[in-house]
**Student:** 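Before anything else, here's the structure in question.
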Amino acid sequence: MTVEERLDIYHENGVPAGYDVPRKDAHAQGLWHKVIHTWVVNSTGHLIMQKRAACKESHPNLWDISSAGHISAGDDSLISAVRELQEELGLTVPEENFQLKSQTKQQFVLHDGKYIDNELVDIYLVQMDVDLSTLKLQVEEVSDVKYVHWTELKRMVQNKDPAIVPGDYKEILSICEKQFAN
C-alpha cells in the first residue's frame with residue numbers, strides 16, 4: 001500500500017495554516033501549498049527543459065522547468081529541490097550548488113475547476129554543464145529533456161508557445177539576462 005503524499009497548507013501570504021492534507025485534497029479545494037522550481041543552466045546560457053510525461057494530471061506533454069515538485073509535509077524547500085532533481089533527471093547535485101533566487105505565487109485551474117493549483121513557489125538555480133545523454137529520466141514524470149537557450153525561452157514565452165507549460169518565467173529570464181546578455 002502506498003502512502004499518499006501530504007502537503008503543509010499555507011495562507012496566501014505564505015504564513016503556515018498549521019495543518020496538512022493529502023495532495024489531492026489540496027488541489028480539489030484550492031488550498032495554498034509550497035512547491036519548488038529548479039532551473040539548471042549551463043555556462044552558455046542554455047536551460048534544461050523537461051517534457052512532462054503524458055500521464056501527468058497537470059500539463060501533460062508540455063515542456064517545463066528543469067525540475068519541479070511539491071514540498072511534502074514536514075520537508076523544507078532545499079531538501080525537496082535536491083530530491084526532485086535527483087528523482088526526475090537522475091542528477092545528483094550538492095545542496096550548496098542550489099541558489100534560492102526568488103519566491104513567487106502561481107495559480108492554475110484545470111479540468112473544469114476540479115483541479116485548483118494555488119502554489120507558493122521557491123525558485124532555485126543550479127549552474128552546471130550537463131551532458132543530457134547521461135541523465136536518467138523518471139518515466140512517470142518526464143518523457144524527454146532538451147537544452148533551450150534563454151533567449152529562445154524568452155521568445156517562446158512572448159509568443160505564448162502552446163508547447164510550454166503556461167506560467168511565470170520572468171524570474172529565470174531576468175536572471176539569465178543579467179548573467180548572459182552582452
Side-chain angles (χ1 to χ4, degrees), residues 1-41 47-50 52-53 55-60 62-89 93-126 138 140-142 153-154 156-158 160 164-178:
M1 182 172 146
T2 57
V3 176
E4 187 172 10
E5 181 180 21
R6 296 185 70 85
L7 306 177
D8 288 324
I9 300 305
Y10 294 81
H11 299 286
E12 185 177 356
N13 63 3
V15 173
Y19 66 99
D20 62 69
V21 300
R23 178 176 164 168
K24 68 174 174 37
D25 292 349
H27 292 139
Q29 298 171 37
L31 301 173
W32 287 93
H33 56 279
K34 287 194 171 186
V35 299
I36 55 90
H37 291 176
T38 300
W39 285 97
V40 178
V41 62
L47 299 152
I48 293 177
M49 292 190 76
Q50 64 161 274
R52 294 172 60 82
C55 62
K56 294 297 291 177
E57 187 173 16
S58 64
H59 311 294
L62 295 183
W63 290 98
D64 199 3
I65 297 153
S66 307
S67 174
H70 290 82
I71 300 175
S72 297
D75 282 355
D76 75 20
S77 173
L78 179 57
I79 287 169
S80 298
V82 171
R83 181 189 65 239
E84 291 292 339
L85 193 57
Q86 208 294 314
E87 286 177 359
E88 292 182 359
L89 303 183
V93 179
E95 287 182 7
E96 58 269 14
N97 290 30
F98 286 76
Q99 303 168 47
L100 180 60
K101 290 295 193 176
S102 179
Q103 296 176 306
T104 189
K105 294 187 290 191
Q106 67 180 22
Q107 297 178 276
F108 295 104
V109 178
L110 305 168
H111 308 301
D112 298 319
K114 294 182 181 103
Y115 186 98
I116 306 164
D117 206 5
N118 289 327
E119 300 178 335
L120 301 165
V121 185
D122 286 351
I123 301 171
Y124 286 93
L125 182 70
V126 172
Q138 182 183 22
E140 304 85 11
E141 299 280 335
V142 182
L153 178 60
K154 183 176 182 179
M156 293 167 81
V157 171
Q158 289 171 337
K160 295 180 175 38
I164 63 172
V165 171
D168 186 354
Y169 294 88
K170 69 179 177 230
E171 295 294 334
I172 190 60
L173 292 173
S174 174
I175 291 163
C176 288
E177 188 164 20
K178 288 175 188 163

**Student:** Going from CD1 on I164 to CE on M156, what distance comes out if it is rounded to the nearest 0.5 angstrom?
**Tutor:**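 So the gap between those two atoms works out to 5.0 Å.
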**Student:** Do Y124 and S67 pass the side chain to side chain donor-acceptor pair (under 3.5 Å) test, and can you show the C-alpha distance, the side-chain angles, and the key distance before you say yes or no?
**Tutor:** CA-CA 10 Å; Y124 286 93; S67 174; over 6 Å; no
**Student:** Going by heavy atoms in the side chains, are K101 and E171 under 4.5 Å from each other?
**Tutor:**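 K101 vs E171: side chains apart.
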**Student:** Who are the side-chain contact (heavy atoms from CB on, under 4.5 Å) partners of D75, not counting sequence neighbours?
**Tutor:**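 side-chain contact (heavy atoms from CB on, under 4.5 Å) list for D75, sorted by chain: I71, S72, S80, R83.
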**Student:** Would you check if there is a donor-acceptor pair between the side chains of D64 and Q50 at a distance under 3.5 Å?
**Tutor:** no
**Student:** Does any N or O in the side chain of D117 come within less than 3.5 Å of the main-chain N or O of H27, such that one atom is a donor and the other an acceptor?
**Tutor:** no
**Student:** Fit a plane to each ring of H33 and H70, take the angle between them on a 0 to 90° scale, and name the class: parallel (under 30°), tilted (30 to 60°) or perpendicular (over 60°).
**Tutor:**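 Rings of H33 and H70: parallel, under 30°.
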**Student:** Hey, could you give me the NZ/CG distance between K34 and D76, rounded to the nearest 0.5 Å?
**Tutor:**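 Reported to 0.5 Å precision, the distance equals 9.5 Å.
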**Student:** So, for G74 and D8, which heavy atoms are closest and what is the spacing to 0.1 Å?
**Tutor:**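 What the structure gives for the nearest pair is N-OD2, 2.9 Å.
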**Student:** Using 0.5 Å steps for rounding, measure from the CD atom of Q107 to the CG atom of N118.
**Tutor:** 4.5 Å
**Student:** Shortest non-hydrogen contact from E119 to W32?
**Tutor:** O-CZ3, 3.4 Å
**Student:** Ignoring hydrogens, what is the shortest heavy-atom contact between E88 and S66? Give both atom names and the distance.
**Tutor:**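 That closest heavy-atom pairing would be OE1-O, 4.2 Å.
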**Student:** Does E12 pair with K105 as a salt bridge, N-O distance under 4.0 Å?
**Tutor:**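 Counted as a salt bridge, because a side-chain N and a carboxylate O are separated by less than 4.0 Å.
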**Student:** Could you walk me through whether D122 and L100 pass the side-chain contact (heavy atoms from CB on, under 4.5 Å) test, one step at a time?
**Tutor:** CA-CA 7 Å; D122 286 351; L100 180 60; 3.8 Å; yes
**Student:** Which pair of heavy atoms, one from A26 and one from V21, lies closest together, and at what distance?
**Tutor:** N-CG2, 3.8 Å
**Student:** Supply the atom-to-atom distance L78 CG to E96 CD, rounded to the nearest 0.5 angstrom.
**Tutor:** 9.5 Å
**Student:** Quick check for you: to the nearest 0.5 Å, what is the distance between L85 atom CG and T38 atom OG1?
**Tutor:** 6.0 Å
**Student:** Can you name the closest pair of heavy atoms from D20 and A73 and give their distance?
**Tutor:** CB-CB, 3.9 Å
**Student:** Where the side chain of N97 meets the backbone of V126, is there a donor-acceptor pair that is under 3.5 Å apart?
**Tutor:**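 No; judged by distance alone, with no hydrogens or angles, the pair does not exist.
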**Student:** Between K154 and E177, is a side-chain contact (heavy atoms from CB on, under 4.5 Å) present by the stated rule, with each step listed?
**Tutor:** CA-CA 10 Å; K154 183 176 182 179; E177 188 164 20; 4.0 Å; yes
**Student:** Have a look at W39 and tell me which of I175, I48, I123 forms a side-chain contact (heavy atoms from CB on, under 4.5 Å) with it.
**Tutor:** I123
**Student:** Taking atom CD1 of I36 and atom CD of Q103, what is their separation to the nearest 0.5 Å?
**Tutor:**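 Taking CD1 in I36 and CD in Q103, the distance rounds to 13.0 Å.
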**Student:** Could you walk me through whether L125 and I172 pass side-chain contact (heavy atoms from CB on, under 4.5 Å), step by step?
**Tutor:** CA-CA 8 Å; L125 182 70; I172 190 60; 3.8 Å; yes
**Student:** Compare every heavy atom of A68 with every heavy atom of H37, then report the nearest pair and how far apart it is.
**Tutor:**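 Residues H37 and A68, closest heavy atoms: CD2-CB, 3.7 Å.
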